[in-house]
*Asks:* 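This is the structure, below, for whatever I ask next.
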Amino acid sequence: MPGYSPHDIESKWQEYWEQNKTFRAPDDTSKPKLYVLDMFPYPSGEGLHVGHPEGYTATDMYSRFQRMRGYNVLHPMGYDAFGLPAEQYAIETGTHPRITTERNIANIRRQIKRLGFSYDWDREFATTDIEYMRWTQWIFLVLYDTWFDPSIEWADPDGKKRRGKGRPIRELPIPDATRAQGEDAVRRYQDSFRLAYQAEAPVNWCEALGTVLSDEEVIDGRSDRGGHPVQRIPLRQWMLRITAYADRLVEDLDTLRWPDAIKEMQRNWVGRSEGAEVDFYIGEPGSLYEAWRILRRLEGFPAESESYAIRVYTTRPDTLFGATYIVLAPEHPLVDRLTTEAQRAEVESYRQRVASMSEEDRIAGRGEKSGVFTGGYAINPVNGERIPVWIADYVLISYGTGAIMAVPGHDQRDFEFARKFHLPIRAVVLPPDSWLEQMRVSREDYAARVGELASAFTDDGTGIQSSNPGVSLNGLPTPEAKRTINAWLESSGLGRPAIKYKLRDWLFSRQRYWGEPIPILHEVDAEGKPTGLRRPVPEDRLPVLLPELNDFKPTGSPEGPLAKAAGWIWVQEGGRKFRRETNTMPQWAGSCWYYLRFCDPRNNARAWDSEREKYWMPVDVYVGGAEHAVLHLLYARFWHKVLFDRGHVSTLEPFQRLINQGMILSITYRTSDGRIVPYSKINFSEGKAAHAETGEELAGETEKMSKSRGNVIPVDLPLQQYGADTTRLYEMFMGPLETTKPWSMQGVEGISRFLNRAWRMIVDEEAQGMRLNRKVLDNVEPTNEQLRALHKTIQSVTEDLEALRFNTGISRLMEFVNFFTSQAARPRSCMETFVLLLAPFAPHIAEEMWQALGHTESLAHAPWPVSDARFTLEEAIEIPIQVNGKVRSRLVASITAGSDDLERMALEDPKIQRYLDGHAVQKVIVVPKKLINIVVSP
RNA sequence: GCGAAAGUGGCGGAACUGGCAGACGCGCUGGACUUAGGAUCCAGUCCCGCAAGGGGUGGGGGUUCAACUCCCCCCUUUCGCACCA
């Protein structure tokens, strides 16, 4: 065999694995399972760059390692193939998205296969597969068939008591009054409770994309994909009631082994807050108001406020005495009623201005407060004071009740607003002295000067100027004041504790072609007009296929391009005529449950078999980019919980352990005048980069890979130059999996050298045929030193693989090779063990050397080496001796040496004696096997 | 502004629960082999200093016999959120 030839070896073994189905994961429940999953890639037309396979490399190494340790490893791969790019391409070129998608999948599959990943290719699928889409639609119907019962109690699989669960819609109690109105009324009632429902809501409409987007897909008022401007317009849309699951989505995070940052981001996104709802009577103090108060005291706080009261939400009910005005969102339904004739023109023009503003303008105008007085007043229920009602765009209709009580003394936004419009500012919480000092105001002056300070005090303090005949918060610390006022509000029927979320329901319909059709039929009357009643497509009629179209352009209307398929949209069923839903699902739909389908991907009768789901789930290790921290991971968890509630899955959470791989950066080289120089025009030598044409030395900067920077390194580049094993090793050697790190083509070179050295350590590269290196010997016993090196390597590589510390694992293997290449006699047993240790990292070269060592079977399922502590312990070790914390000498001692012996030896050490001369030894610290520190007087 | 993470040689990075800072790799320097070397092998490589020695993990302070590691203050970078009442 000549030298190490990666390309021959790699294609040989990739073929072998494929033919022998080496990595098929049998549904063999007698073995312990491990489910190792990569986040679903979207097959883009660009192909993969070196950053993409980082996570795949990690999961592959881990899977191969665990397979050798006896686990039945489920390690699948598939494609999230619906989505906008293929459709945009279709609009531009007329090529059907299915064609583009298939072409892109073929390319990404080729690249992934070239890296030698150990996927079970028998389980591969794409979300666009008709058989897969069928079950995506089925899950939509499960959501459609489910309502959330907030009060039901149940015990989770760990025996923990829970409240609130999704239940079949037929179990929804129907009020008698509704039932009396007949069948249609009952259906409408049910529709209003379903987890998948239609509602008229202000949505993010993106003109350029011709579709609406979810809140999660809008960033700074522009679309996540493409950066097009987004407007808020009211539209009738499909929504998923994710808010019903808000508490469980937050609570269950505690049970997951996920990065804290991601958990925190999910918590923030759900944005749970605790506070109170309070009603403010609209009108004048007087007998009507008094009558209302009495009624409220008798009947309590109603589920919805009367039309003559404003309901606000606040997290600081303890500051109610400081509420000096009310602000409604401009869209609030009570604005019309409250506006006086004198103010009407101004109010209307303000409302129109706000309505016509794009999301982006709204964000840009933030900071500078704007608003208009309605002319109307309401009464502060704690002190009977008549306070003005304003409208302002800093109050959002979509959060809380769309109305706030403004406490300018203790809320920064209200403070700025009050200052601008000269509204009264009242202190009701006394800040701690440290804050007062900072503001240069005394405790006594605070209440009088609160309006002149630089900012409002918004933290916890002590109640002041807060009492009425029924309740006093004076002197109470904020948490206690909250409890006290809440109790008073409840007993007087004026308010109640409430919990709100930033999370909104998930806007689920898209006006696009390349997505799963929503499997719903709309009833129409004789004239073909929708009646507002809907029917799900029966399960046995799924999937609803996409109609063939020649023109994929968005219609610019809420109907979407599917409305153009005249032959498709009308359906006759049981003598009645229906119109198909013409919206499609968002791209997230397919990736919400693919991990479940991988458990049983070829099932034609069900989405998955329960037994298989029970065996394989949950996903034990899930690796992917942090960009999915909120979107995909929150949506998938939501679906999973609904499926759990409906008895379709056995676990509360889908992904037990989550790891975010760090981004791989690249180096961008620029000339002194800032022009980018592509890699093809750079000479790398003497550690420097020089322009190939001008010879100018180029400055390199580490930056994100992007086409515009010309620094994208396609994965095919290192694959062609060095092969898969080197590429895989370098992907992991750069640094810890989770951190951001730059790719260096010079670094790859070093890895290639390592594999060559490993090869020569075992294989005779001079020989014609495949022969072992002559220094590899059968009939010698390893020396103690060799055994120690071997077992230390086994130990640390095993630990590193368990902890997914691939970079240090590779370092240990390098140390092994460095050591054994200096050994003239290399016992064959040591070489065999090394090959097994190398196998998860660089499987092709390992298989080839395994074969050279005389094995006829693949090592993919060979047992993983076990280290023996007898060999890793050294009999004698070197221990540093410090004097006052500085290393001054070393001694060699037996590991069994006791503290007293070590202390004596250290003090007798001639070098140490020099340092002790003239100083008194105060203390000697001996850490056996580690170090000795002698503390002396100065 | 709020929240989170991170700052270690020329570079990527090691250092498990406080115990020899810089493993491993890149780059660089010198040497060997060679017709040749962008192959391979050997030696060296944190900084200052000929040396003895001294200094050193973003900066400042602290705890400790001992701090990259723990505590306080500050600086910088990256990421996320951003009028959420």
Side-chain angles (χ1 to χ4, degrees), chain A residues 3 219-220 259-265 267-269 271-273 275 312-316 319 327 362-363 365-369 392-396 398-407 411-414 416-417 458 500-504 626-627 629-630 660 662-663 667 684-688 700 702 729-730 733-736 738-751 753-754 756-757 760 796 799-800 803 805 807-815 818 821-822 878-887 890 922-927 929-936:
Chain A
I219 293 164
D220 293 338
D260 289 336
I262 303 292
K263 289 192 192 182
E264 200 50 34
M265 279 164 74
R267 281 189 203 104
N268 289 340
W269 192 265
R272 182 191 150 102
S273 74
V312 305
Y313 172 69
T314 176
T315 54
R316 292 297 299 272
T319 61
V327 188
R362 227 173 145 151
I363 288 161
R366 192 176 48 203
E368 186 57 23
K369 294 281 174 293
D393 66 352
Y394 82 90
V395 175
L396 310 173
S398 48
Y399 184 75
T401 58
I404 62 155
M405 60 176 212
V407 185
D411 182 286
Q412 190 56 28
R413 294 154 302 182
D414 298 343
E416 287 163 19
F417 192 86
T458 56
K500 301 282 176 198
Y501 306 92
K502 282 202 292 188
L503 182 71
R504 322 270 163 82
E627 67 272 19
V630 179
N660 290 123
M663 206 187 318
I667 300 165
F684 292 98
S685 64
E686 300 189 350
K688 293 182 182 102
T702 305
L729 238 49
Y730 185 65
F733 187 66
M734 274 180 283
E738 297 89 340
T739 61
T740 302
K741 45 214 172 274
W743 181 281
S744 137
M745 281 316 275
Q746 285 167 333
V748 189
E749 186 75 39
I751 291 291
R753 285 207 276 262
F754 160 65
N756 272 289
R757 278 208 314 278
R760 286 194 304 270
S796 40
E799 283 169 10
D800 286 341
R805 285 190 306 250
N807 55 330
T808 49
I810 295 165
S811 298
R812 301 292 160 244
L813 293 171
M814 288 173 167
E815 285 177 302
N818 289 347
T821 44
S822 71
E878 199 180 63
I879 296 173
I881 311 170
Q882 298 181 332
V883 176
N884 284 350
K886 290 197 172 103
V887 180
R890 290 156 196 287
Q922 291 179 328
K923 200 169 171 187
V924 180
I925 287 118
V926 180
V927 186
K929 289 187 261 185
K930 288 279 184 196
L931 141 164
I932 300 157
N933 189 10
I934 302 168
V935 186
V936 299

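Values in this document were obtained by computation on a predicted structure and should not be read as measured data. Proteins get letters first, then strands, A, B, ... in listed order; numbering begins at 1 in each.
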*Asks:* Using a cut-off of 4.0 Å on non-hydrogen atoms, how would the nucleic acid contact of A:S744 be classed: base, sugar-phosphate, or nothing?
*Replies:* nothing
*Asks:* Quick one: list whatever passes side-chain contact (heavy atoms from CB on, under 4.5 Å) with A:S744, sequence neighbours left out.
*Replies:* A:Y730, A:Q746
*Asks:* If the condition is side-chain contact (heavy atoms from CB on, under 4.5 Å), which residues does A:N660 pass it with, not counting sequence neighbours?
*Replies:*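 A:N660: side-chain contact (heavy atoms from CB on, under 4.5 Å) contacts with A:P259, A:I262, A:A626, A:L658.
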*Asks:* Under the criterion side-chain contact (heavy atoms from CB on, under 4.5 Å), I'd like the reasoning laid out for A:R757 against A:N818: C-alpha separation, chi angles, the key distance, then a yes or no.
*Replies:* CA-CA 8 Å; A:R757 278 208 314 278; A:N818 289 347; 3.0 Å; yes
*Asks:* Between A:N818 and B:G25, does any side-chain N or O lie under 4.0 Å from OP1 or OP2?
*Replies:* yes
*Asks:* Check this one for me: any side-chain N or O of A:R760 less than 4.0 Å away from OP1 or OP2 of B:C41?
*Replies:* yes
*Asks:* With sequence neighbours left out, what residues match A:Q412 under side chain to side chain donor-acceptor pair (under 3.5 Å)?
*Replies:* A:E416
*Asks:* Scan A:V395 against the nucleic acid and name what it touches under 4.0 Å (heavy atoms): base, sugar-phosphate only, or nothing.
*Replies:*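 Base: the residue A:V395, judged by heavy atoms under 4.0 Å, touches a nucleobase.
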*Asks:* Could you list the protein-to-nucleotides 30-35 of chain B atom pairs, N/O on both sides, closer than 3.5 Å?
*Replies:*
none

*Asks:* Sort me out a list of protein N/O and nucleotides 45-47 of chain B N/O pairs below 3.5 Å, or just none if empty.
*Replies:*
none

*Asks:* Residues two or more places apart in sequence or in another chain: which of them pass side chain to side chain donor-acceptor pair (under 3.5 Å) with A:K500?
*Replies:* A:E277
*Asks:* Sequence neighbours excluded, which residues qualify as side-chain contact (heavy atoms from CB on, under 4.5 Å) partners of A:T315?
*Replies:*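 side-chain contact (heavy atoms from CB on, under 4.5 Å) check on A:T315 returns A:S273, A:Y313.
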*Asks:* I'd like to check the side chain to side chain donor-acceptor pair (under 3.5 Å) partners of A:R753; sequence neighbours left out, ordered by chain and number.
*Replies:*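 None.
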*Asks:* Is the phosphate of B:C26 approached by A:R753 (side-chain N or O, under 4.0 Å from OP1 or OP2)?
*Replies:*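 Checking A:R753 against B:C26: at least one side-chain N or O falls below 4.0 Å of OP1 or OP2.
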*Asks:* Could you tell me which residues satisfy side-chain contact (heavy atoms from CB on, under 4.5 Å) with A:K502, sequence neighbours excluded, listed by chain and number?
*Replies:*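 Applying side-chain contact (heavy atoms from CB on, under 4.5 Å) to A:K502 gives A:Y399.
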*Asks:* Take nucleotides 11-20 of chain B nucleotide by nucleotide from the 5' end and write B, S or -, depending on whether a protein heavy atom sits under 4.0 Å from the base, only from the sugar-phosphate, or from neither.
*Replies:* -BSS----BB
*Asks:* A:I404 versus A:D411: any side-chain heavy-atom pair under 4.5 Å?
*Replies:* no
*Asks:* For A:E815, what residues pass the salt bridge (charged side-chain N to carboxylate O under 4.0 Å, His left out) criterion, not counting sequence neighbours?
*Replies:*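 Partners of A:E815 under the salt bridge (charged side-chain N to carboxylate O under 4.0 Å, His left out) test: A:R812.
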*Asks:* Write out the stems for RNA chain B, ordered by first number and formatted as range with range, counting runs of at least 3 consecutive Watson-Crick or G-U wobble pairs under 3.5 Å.
*Replies:*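 Output for stems: B:1-7 with B:75-81, B:10-12 with B:24-26, B:27-32 with B:40-45, B:46-48 with B:53-55, B:58-62 with B:70-74.
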*Asks:* Name the nucleic acid region contacted by A:G271, choosing base, sugar-phosphate or nothing; use a 4.0 angstrom heavy-atom cut-off, strictly under.
*Replies:* nothing
